[in-house]
Amino acid sequence: MAQEDTFKKIVSHCKEYGFVFPSSDIYDGLAAVYDYAQNGIELKNNIKEYWWKSMVLLHENIVGIDSAIFMHPTAWKASGHVDAFNDPLIDNRDSKKRYRADVLIEDQMAKYEEKIQKEVEKARKRFGESFDEEQYLSTSARVLEYKGKLDALHARFAQAMEQSDLAALKQIIIDEEIVCPISGTRNWTDVRQFNLMFATEMGASADAASKVYLRPETAQGIFVNYLNVQKTGRMKVPFGIAQIGKAFRNEIVARQFIFRMREFEQMEMQFFVTPGTELEWFAHWREARMKWHQALGFGAENYRFHDHEKLAHYANAATDIEFKMPFGFKEVEGIHSRTDFDLTQHEKFSGKQIKYFDPNTNASYVPYVIETSIGVDRMFLSIMCHSYAEEQLENGETRTVLRLPSALAPVKLAVMPLVKKEGLPEKAREIIDALKFHFNCQYDEKDSIGKRYRRQDAIGTPYCVTVDHDTLKDNCVTLRFRDTMKQERVSINALRGIIEDNVSITSLLKQL
């Protein structure tokens, strides 16, 4: 199945099975805004719990806060967002559609990568087990041609972005003959900058109102509170502050479902360190964050680091953790060494001293900061994409299953009476009442057992229990496993012990 078709099926699956709905759906939706449905919010909350506990529970020197979405407008002047939080914008005159110039170019580079991969796959089929991919990549004339074009484009693009050369970005689009996906024409306007922050007014009347912004990131709420946290928590450098919260960006190219939205959620941890040690800590968190992702069991081959060639003005090191989505490797988390830029800027613009006094050296200084920032929605999408599968069964039927990590699954156990009478529903309810305090359970009595199994497979429930007439005699049930579909007879008293360890967040945390 083509990757594009797979992604469309995943998007459809999310709506059909109560994971993600288009926002304001009865009004035909609102572009790039989505609502998390009953199963989606459970999965999302489990992702956030896994992250939060991995930061705050497992580290004595990391604590959490929840800062306000609205901040004093000067905070965004200090951070640079008012003047420099821009995307390069370009319009197609024929379709009247607006695009990010850098995204158009990145898509063009992705096409070269796809062409190379297609050549590799064709060669793999032709040569079979004797195929040497490394040798083929270095000798194939067609591959070398595509790679030469890709490398040349990448070099031009990196230079244009480094120099913020808008004219050069347009020239790349012209030279690469990039067309508008809607009109199919190359009738482009000049590239210009567009600020991504949502602005509004605060105050009872227009005269008294002051301009404020919906925060485009959660990090600044941590920076302005770092000294408050340090003093009240008696924290010593190095220490971290974690936060989960909503952020807002007026994205022009909002696409690929929940991958790029205008309202999204971030999980960020800012780690404050002694100046001069920041690159050591950057390396530490770079590896620690990759380990966190790989503990989900999706395979190391589906992750990679992408080190930044162009660093933000505040950074001296930066890398992204990318995950292999159906539409290519895409960023799910960023790790940045932000130096002392943010704290120094807030000290300058506020006029307040926010230096840390180090009792070990009797010296005051502005700490350097290592940031780990992960998009909850992108993480959610990566999990859905990897977990979705369509399987051909031995009897010729097909089942759709979400192989979610058990600890993240919305429902851990579904309990099903074989029939809706003769005391079986009551016994099933009794089992749920005993287990619902330990993990999320669901009662299901509608349709045949087979259809109920398929329904639970589709939402990723790792365990199903069937209560039958023998249960009333021997106090045993049939336990079915999602991934293997195997069934075994177990005592009701043993259910909690079998299931709980496998479905708890602790089972993931122990791998870190």
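Quick note: residue numbers are just sequence positions, from 1.
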**Q** For salt bridge (charged side-chain N to carboxylate O under 4.0 Å, His left out), just list the numbers for Arg286 and Asp307, CA-CA rounded to whole Å, side-chain angles, deciding distance to a tenth of an Å, and then say yes or no.
**A** CA-CA 11 Å; Arg286 185 179 187 270; Asp307 295 328; 3.4 Å; yes
**Q** For residues Leu57 and Trp52, determine if any side-chain heavy atom of one lies less than 4.5 Å from a side-chain heavy atom of the other.
**A**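 When only atoms from C-beta onward are counted, Trp52 and Leu57 do not touch, as no gap falls below 4.5 Å.
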**Q** I want to check something: taking the side chain as every heavy atom from C-beta on, are Ile459 and Gln442 in contact at a cut-off of under 4.5 Å?
**A**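 Ile459 reaches Gln442 side chain to side chain.
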**Q** Tell me whether the NZ or CZ atom of Arg378 lies within the 45° cone about the ring axis of Phe259 and under 6.0 Å from its centre.
**A**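 Yes, a cation-pi geometry holds between Arg378 and Phe259.
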**Q** Tell me if the centroids of the rings in Tyr36 and Phe21 come within less than 6.0 Å of each other.
**A**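 No.
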**Q** Looking only at heavy atoms, what is the nearest atom pair of Phe329 and Glu301, with distance?
**A**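 So the minimum-distance heavy-atom pair works out to CZ-O, 3.7 Å.
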**Q** Using a 4.5 Å cut-off on heavy atoms from C-beta on, say whether the side chain of Asn440 contacts that of Val503.
**A** no
**Q** Any sub-3.5 Å donor-acceptor pair from His386's side-chain atoms to Phe298's backbone N or O?
**A** yes
**Q** Please report the shortest heavy-atom distance between Val229 and Met235, naming the atom on each side.
**A** O-CG, 3.8 Å
**Q** Does a salt bridge link Lys115 with Glu119, judged by any charged N lying under 4.0 Å from a carboxylate O?
**A** no
**Q** Measure from the side-chain N and O atoms of His336 to the backbone N and O of Ala317, and report whether any donor-acceptor pair falls under 3.5 Å.
**A** no
**Q** Looking at side-chain heavy atoms only, is the closest gap between Arg480 and Lys486 below 4.5 Å?
**A** no
**Q** Go through the side-chain N and O atoms of Glu121 and Gln117 and say whether any donor and acceptor fall under 3.5 Å apart.
**A** yes
**Q** Any Lys/Arg nitrogen of Lys48 or Glu265 sitting under 4.0 Å from an Asp/Glu carboxylate oxygen of the other?
**A**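 A salt bridge links Lys48 with Glu265.
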**Q** Identify, with sequence neighbours excluded, every residue that meets ring pair (Phe, Tyr, Trp, His ring centres under 6.0 Å) alongside His81.
**A**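 Trp76, Phe85.
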**Q** Can we say Arg260 and Asp377 salt-bridge, meaning some charged N sits less than 4.0 Å from an Asp/Glu carboxylate O?
**A** no
**Q** Do Gln266 and Ser373 touch side chain to side chain, with heavy atoms closer than 4.5 Å?
**A** yes
**Q** Okay, side chain of Ser382, backbone of Met379: is any donor-acceptor separation there less than 3.5 Å?
**A** yes
**Q** With Phe481, which residues qualify under ring pair (Phe, Tyr, Trp, His ring centres under 6.0 Å), at least two apart?
**A**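 Checked Phe481 against ring pair (Phe, Tyr, Trp, His ring centres under 6.0 Å); matches are Tyr463.
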**Q** Under 4.5 Å between any side-chain heavy atoms of Phe70 and Leu214, yes or no?
**A**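 Of all side-chain heavy-atom pairs linking Leu214 with Phe70, at least one is under 4.5 Å.
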**Q** Should the pair Glu390-Lys9 be classified as a salt bridge under the 4.0 Å nitrogen-to-oxygen rule?
**A**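 The answer is yes: the pair qualifies as a salt bridge.
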**Q** With no hydrogens and no angle check, is any side-chain donor or acceptor of His13 less than 3.5 Å from a backbone partner on Lys8?
**A** no
**Q** What are the two closest heavy atoms between Asp320 and Gly334, and how far apart are they?
**A** OD1-CA, 3.8 Å
**Q** Under 6.0 Å from the CZ atom of Arg126, do we count more than 12 heavy atoms belonging to anything else shown?
**A** yes
**Q** Apply ring pair (Phe, Tyr, Trp, His ring centres under 6.0 Å) to Phe271 and list each qualifying residue two or more places apart in sequence or on a separate chain.
**A** Trp281, Trp285
**Q** Examine distances only and state if a side-chain atom of Asn225 and a backbone atom of Asn228 form a donor-acceptor pair shorter than 3.5 Å.
**A** no
**Q** Do the non-hydrogen side-chain atoms of Phe323 and Met325 ever get within less than 4.5 Å of each other?
**A** yes
**Q** Taking atom types as modelled, is there a side-chain donor on Gln294 or Gln511 under 3.5 Å from an acceptor on the other?
**A**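 The criterion, which ignores hydrogens and geometry beyond distance, is not satisfied for Gln511 and Gln294.
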**Q** Closest heavy-atom contact between Leu404 and Ala409?
**A** CD1-CA, 4.1 Å
**Q** Using modelled atom types and a 3.5 Å cut-off, is there a donor and acceptor pairing between side-chain atoms of Asn61 and backbone atoms of Pro238?
**A**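 The answer is yes, because a donor-acceptor pair under 3.5 Å joins these two groups.
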**Q** Give the table of side-chain donor-acceptor pairs shorter than 3.5 Å for residues 425-436, with sequence neighbours excluded, one pair per line with atom names and distance.
**A**
residue, atom, partner, partner atom, Å
Lys427, NZ, Glu430, OE2, 3.2
Lys427, NZ, Asn475, OD1, 3.2
Asp433, OD1, Lys436, NZ, 3.4

**Q** Going by atom types alone, do Ser79 and Gln220 pair a side-chain donor with an acceptor below 3.5 Å?
**A**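 Gln220 and Ser79 do not have a side-chain donor-acceptor pair below 3.5 Å.
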**Q** Show every ring-ring contact (aromatic ring centres under 6.0 Å, His included) that has at least one partner inside residues 430-457, sequence neighbours left out.
**A** none
**Q** Side chains of Arg452 and Met416: closer than 4.5 Å at any heavy-atom pair?
**A** yes
**Q** Is a side-chain N or O of Lys412 found less than 3.5 angstrom from the main chain of Ala407, in a donor-acceptor match?
**A** yes
**Q** In this structure, are over 12 heavy atoms from other groups packed under 6.0 Å from Glu134 atom CD?
**A** no
**Q** If the condition is ring pair (Phe, Tyr, Trp, His ring centres under 6.0 Å), which residues does His72 pass it with, not counting sequence neighbours?
**A**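 Result, ring pair (Phe, Tyr, Trp, His ring centres under 6.0 Å) vs His72: none returned.
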**Q** Is the charged tip of Arg262 near the ring of Phe248: under 6.0 Å from the six-membered ring centre and within 45° of its axis?
**A**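 That pair does not qualify as a cation-pi contact.
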**Q** When you check the gap from the basic side-chain N to the acidic O, do Lys330 and Glu322 get nearer than 4.0 Å?
**A**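 No, no charged N to carboxylate O under 4.0 Å.
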**Q** Tell me whether Glu60 at atom CD has more than 12 heavy atoms from other residues, nucleotides or ligands lying less than 6.0 Å away.
**A** no
**Q** Looking only at the aromatic ring of each residue, does the gap between the centers of Phe257 and Tyr34 stay below 6.0 angstrom?
**A** yes
**Q** Looking at Arg482 and Asp457, is any side-chain nitrogen of the basic one under 4.0 Å from a carboxylate oxygen of the acidic one?
**A**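 Result for this pair is no, no salt bridge flagged.
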**Q** Please find out if less than 6.0 Å separates the ring center of Tyr213 from that of Phe198.
**A** no
**Q** Inspect the contact between Lys15 and Asp25 and indicate whether a charged nitrogen and a carboxylate oxygen are less than 4.0 angstrom apart.
**A**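 Salt bridge between Asp25 and Lys15, a charged N being under 4.0 Å from a carboxylate O: yes.
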